[in-house]
Amino acid sequence: MDWLTGMLADTELRLTAVWAALPEFVRFVLVDLFKILVVVVPLFIAVAYFTYWERRIIGWIQNRLGPNRVGWEGVLQPFADLIKMLFKQVIVPGNANRFLFLLAPIVALIPALAVWAAVPMSESFVIADINAGLLYVLALTSMGVYGVILAGWASNSKYAFLGAMRCAAQIVAYEIAMGFALVGVLMAGGSLNLGDIVRAQEGTSVLSWFLWPLFPLFLVYFISGVAETNRSPFDVAEGESEIVAGFHVEYGGIGFGLFFVAEYANMILITALTATFFLGGWLSPFAGVPGLAETWIAAPSFGWLAAKMAFFSFCFLWFRATFPRYRYDQIMRLGWKVFIPITIVWIAVEGVMAAFEIGPWAAGI
Amino acid sequence: MIPTILFYAFAAILLIAAFGVITARNPVHAALFLVLAFVQSAALWLLMEAEFLAIVLVLVYVGAVMVLLLFVVMMLDINVETMREGFTRYVWIGGLVALLVAVEIGHVVWFRSEGMQFLSTPEPFPADYSNTRELGSVLYTEHVYAFEIAAVILLLAIVAAITLTMRRRPGLKAQNVAKQVAVRREDRVRLVKVEPTKD
């Protein structure tokens, strides 16, 4: 065994030497590339299994089986779907704007992935720990609408165009409510940095999470998130019964696949952001419970963030299996006339709470 | 070294995009070039460590204003040829305005830059410097009245825009949501006992 440990130590020395010889810029890029891979690869796997769980869970809720043939209980189904989509021919409709038609799925996917750079996964791991993280998240999520609009316009199809128009109007409407809800989080957290927002929720127990003082904003944020990602019951942009499949009706094969990945990555992002802003991100719900203080259960970790994300992901599927689709004027009414007033009122309430030092603003919590 | 390369790359794309805005034949392409120009100038601001302004530029102009503009441009059926008819007739006015703008920018850059060091790279800020915090503390203390007046003018613009479109039209059909919610099953469904026909 001596020669083996000797060889390992030797290789390690050489690798360290190579690493030290690299210019600082190259080292920086390599470390960041590695961090990006650490986030994006699990994200893609999560997207794949989100589609599988969606079909299984909705199947169970509706008293049917769902896909259970490929692999054990159908666990290989997402890969079968992926391979099918990869091998399909890419069809560009006649009179479509070819360049924009092919660009649109990429434009949809890039913001959906780029936002993850600012999302803290645990106490120590975040790709880019930026000061204005909350603004960065808002800016990039608002860019996601371009993929949809471009797809609808470039397809040269009335159905796709109608879907894109509906989707754009809906996203613009709910973005305002979402932004106002985040103003409340910003006031409570006292920082635009997502890591600092989570740290501001650290306290004696679950009761110091922003969920409680900001409960209306939490509801508004999560429901707006469902509307922003065009998920049921707000999925009029797809509206199978009226406009076939909405903005991506002309896409097949991998173009459709990219839209699909973007939609699911956005959904997972909304779950992660809701957990970060309102449920204390990586903090443990059992912190401060007597008897558990020193165990792993009370320790903050990525596992708790994942558990919270899993719960909200399930909510997405639960909504889809439960609620009928909203009528279009109802969606607009909910966004403009219900959510925006609620958020504005609650920001004012928060101002009063902060002025009189109630709740999270009280000294000593 | 690397920031310089990035600066020239972003600046070059910005110029190309700005040129594309005025030369593109298709109005949708022109609007998309404008989006690209906004994103590139945001990147330039990021290089100058003005991250708040950069992100707000993307958030407001790319995320909201251009989406609505694109919306309108896509709905309108603009004929580019008819728009270009008066090109030669008005070109001298355009040229004059362009010249004026160029002279003004030149004036600012060349004649007023003494002591301001426009052309040198500013010193990098320390790592805990927060552009957002600095901007906020100036905006809400020194310039608070100007800031509030701007806010009131914007509110006025919102109210004015709504009043302009909120005219009462005859024959307008609207949903009364309170009534819809208050409806009970008995109001809508009538159970009828139908005798089976005997033949």
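Chain letters run A, B, ... following the sequence lines, proteins first, then strands; residues in each count from 1. Values below: all heavy atoms of this structure, side chains included; hydrogens, waters and symmetry mates excluded.
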Legend entry - B/L32 versus chain A, the contacting section by heavy-atom distance below 4.5 Å: side chain

Inset, instruction - Let me know if A/A169 has heavy atoms under 4.5 Å from chain B in its side chain, its backbone, both or neither. - result: both

Legend entry - Flag side-chain contact, heavy atom, 4.5 Å: B/E51 against A/I130: no

Inset, instruction - Quick one: which of A/I176, A/V172, A/L100, A/V145 has the most heavy-atom pairs under 4.5 Å with chain B, could you say? - result: A/L100

Inset, instruction - Give, as side chain, backbone, both or neither, the part of A/N97 having an atom under 4.5 angstrom from any heavy atom of chain B. - result: side chain

Legend entry - B/F71 atom CZ, neighbour heavy-atom count above 12 within 6.0 Å: yes

Legend entry - Separation between CZ of B/F52 and CG of A/L192, rounded to the nearest 0.5 Å: 7.5 Å

Legend entry - Part of A/I149 lying under 4.5 Å from any heavy atom of chain B: both

Inset, instruction - Evaluate side chain to side chain contact (heavy atoms under 4.5 Å, CB included) for A/R327 paired with B/Q180, printing each intermediate quantity in order. - result: CA-CA 13 Å; A/R327 216 170 52 209; B/Q180 287 183 333; 3.4 Å; yes

Inset, instruction - Flag the one option from B/V62, B/L57, B/V56, B/V58 with the top tally of heavy-atom pairs under 4.5 Å to chain A. - result: B/V62

Legend entry - Under 4.5 Å from a heavy atom of chain A, the part of B/I55 involved: both

Legend entry - Neighbour count above 12 (heavy atom, 6.0 Å) for A/F28 CZ: no

Legend entry - chain A contact via B/V60 - which portion, at a heavy-atom distance below 4.5 Å: neither

Legend entry - Region of A/F161 that comes under 4.5 Å of a non-hydrogen atom in chain B: side chain

Legend entry - Atom CZ of A/R325 with >12 non-hydrogen neighbours under 6.0 angstrom: yes

Inset, instruction - Verify the neighbour count for atom CZ of A/F180: are there more than 12 heavy atoms of other residues, nucleotides or ligands below 6.0 Å? - result: no

Inset, instruction - Indicate yes or no: at least one non-hydrogen side-chain atom of A/Y146 is less than 4.5 angstrom from one of B/L70. - result: yes

Legend entry - Heavy-atom side-chain proximity of B/L59 to A/S142 below 4.5 angstrom: yes

Legend entry - Residues, nucleotides or ligands: over 12 heavy atoms within 6.0 Å of A/Y159 OH: no

Legend entry - Atom OH of B/Y61 with >12 non-hydrogen neighbours under 6.0 angstrom: no

